Every structure is written in structure tokens, then in C-alpha cells.
Amino acid sequence: MNYWLFKSEPDVYGIDQLAKAPGQRCRWDGIRNYQARNHLRDDVKVGDLILFYHSSCPRPGVAGVMEVVQAAYPDPAQFDPESDYHDPKATEENPRWYALDVKLVKKFAQLLPLSELKAQPQLADMALFKQGRLSVVPLTEAEWRTILSLEE
DNA sequence: GCCAACGTTGGC
DNA sequence: GCCAACGTTGGC
């Protein structure tokens with residue numbers, strides 16, 4: 001069992017959209033960074049738990065928890081010339097980018113702000129802070145427990 | 001809108 | 001393989 005933090009811009013796709021989706025499930029796609037892709041493709045397993053993080057918005061922070069329901073498969077958007085995520089160098093035989101399916105476990109009653117995460121000495125070494133622009137971030141079990149304990 | 005950090009591209 | 005130029009992310 002591994003723990004992750006996935007970022008999304010709520011203007012594009014926020015936790016409320018996931019809450020309203022059929023079965024509260026969605027495809028997590030559009031990842032176009034190699035390090036994030038490698039995590040998605042190689043390390044993220046069915047049953048892993050994920051923090052849903054809202055980024056690039058007025059109130060950045062953790063909005064809730066998701067669970068992986070389908071492990072990585074080639075992201076269909078890379079083959080779609082109409083998509084913003086189209087990649088002309090990707091082929092069906094040799095895909096570059098991967099997506100996976102998640103479901104909502106719970107939406108936090110209140111968003112847990114980034115400022116509060118930063119205020120925790122136990123979280124000072126988090127990958128989230130060390131590598132600010134990675135959109136698929138691993139968490140240790142201790143970090144996971146610390147963050148969940150901050151949510152009442 | 002600004003800027004720091006860092007990833008990607010392309011010439012050589 | 002190096003590195004400058006450029007693009008993107010994301011907090012503020």
C-alpha cells in the first residue's frame with residue numbers, strides 16, 4: 001500500500017466535480033511530465049490512497065481523499081488530435097503517457113490549506129515541498145497519518 | 001502579474 | 001553531451 005498526492009487545478013477539475021461524477025469515479029489523465037508518469041505507470045497500484053490537492057488557485061491545499069480503482073493504462077488523450085493533451089509523437093504501439101482511474105473516498109469538511117501543511121515540523125521533508133512542481137507526489141505513511149490527523 | 005524553480009528543446 | 005533559450009508550474 002502506497003500513499004500519494006495528486007494535484008489538480010480546481011478551475012479545470014476540482015473535488016466537487018469528482019463528487020458529482022457517476023460512481024464518484026473518474027479517469028486521472030493529462031499527466032505530461034516524465035517523473036509523474038513514471039510514478040503513475042510503475043508505482044501507483046489499485047487500492048493505493050491519494051490526497052486530492054488543489055493547486056494554482058486562491059486556496060491551495062488538500063481537498064479530500066481518493067483511491068485507485070484501475071491501474072495505469074495508456075492515456076487515450078495522447079492519440080486524439082482534438083485534445084489539448086494530444087502528443088503527435090505517441091503511438092498506440094509506443095504510448096508515452098498514462099492515465100488511471102480513481103474514486104472519491106471522502107471530501108474533507110474543510111479544505112486543509114497548504115499553509116497549515118507548511119506549519120507542521122513533521123512535514124518539513126515532504127516531497128511536495130522539495131519538488132514543488134511535481135503533480136504526482138509520493139507520501140510516506142507517517143506523512144499520510146500526520147496530514148489526515150490535521151483534518152477534523 | 002510576478003517570479004523562482006525546474007523541465008524541455010534544439011543548435012552546436 | 002553541453003548549454004542557452006524558452007516554456008510551465010504554482011505560490012504569492
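Fair warning: this is a prediction, and the values are worked out from it, not measured in the lab. A note on names: the letters A, B, ... follow the listed sequences, proteins ahead of strands, and every chain is numbered from 1.
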Roughly how many Å is it from [atom1] in [X] to [atom2] in [N], rounded to a whole number?
{"X": "A/Arg59", "N": "C/dG10", "atom1": "CZ", "atom2": "P", "value": "18 Å"}
{"X": "A/Lys118", "N": "C/dG11", "atom1": "NZ", "atom2": "P", "value": "7 Å"}
{"X": "A/Asp84", "N": "C/dT9", "atom1": "CG", "atom2": "P", "value": "12 Å"}
{"X": "A/His54", "N": "C/dC12", "atom1": "NE2", "atom2": "P", "value": "17 Å"}
{"X": "A/Lys130", "N": "C/dG11", "atom1": "NZ", "atom2": "C1'", "value": "19 Å"}
{"X": "A/Asn33", "N": "C/dT9", "atom1": "CG", "atom2": "C1'", "value": "10 Å"}
{"X": "A/Leu134", "N": "C/dT8", "atom1": "CG", "atom2": "P", "value": "18 Å"}
{"X": "A/Ile31", "N": "B/dT8", "atom1": "CD1", "atom2": "C1'", "value": "17 Å"}

As a test of reading the structure: which of C/dG10, B/dG7, C/dG11 is closest to the side chain of A/Gln35, going by heavy atoms?
B/dG7
Side-chain atoms of A/Tyr34 come closest, of B/dT8, B/dG7, C/dG10, to B/dT8
Counting only heavy atoms not in A/Arg59, do more than 12 fall under 6.0 Å of its CZ?
no
Does A/Asp84 have more than 12 heavy atoms from other residues, nucleotides or ligands lying within 6.0 Å of its CG?
no
Using distance alone, with no hydrogens and no angle criterion, decide if A/Gln131 and A/Gln35 have a side-chain donor and acceptor under 3.5 Å apart.
yes
Checking all strands, does A/Tyr53 fall into the base, sugar-phosphate, or nothing category for heavy-atom contacts under 4.0 angstrom?
sugar-phosphate
Sugar-phosphate only, base, or nothing, as touched by A/Gln131 at under 4.0 Å among non-hydrogen atoms:
sugar-phosphate
State whether [X] places a side-chain N or O below 4.0 Å from either non-bridging phosphate oxygen (OP1 or OP2) of [N].
{"X": "A/Ser55", "N": "C/dG10", "value": "yes"}
{"X": "A/Lys89", "N": "B/dT8", "value": "no"}
{"X": "A/Lys7", "N": "C/dG10", "value": "yes"}

Is A/Gln120 reaching over with its side chain to a backbone N or O of A/Glu116, donor-acceptor style, under 3.5 angstrom?
yes
Decide yes or no for A/Pro76 and A/Arg27: does some side-chain heavy atom of the first lie under 4.5 Å from some side-chain heavy atom of the second?
yes
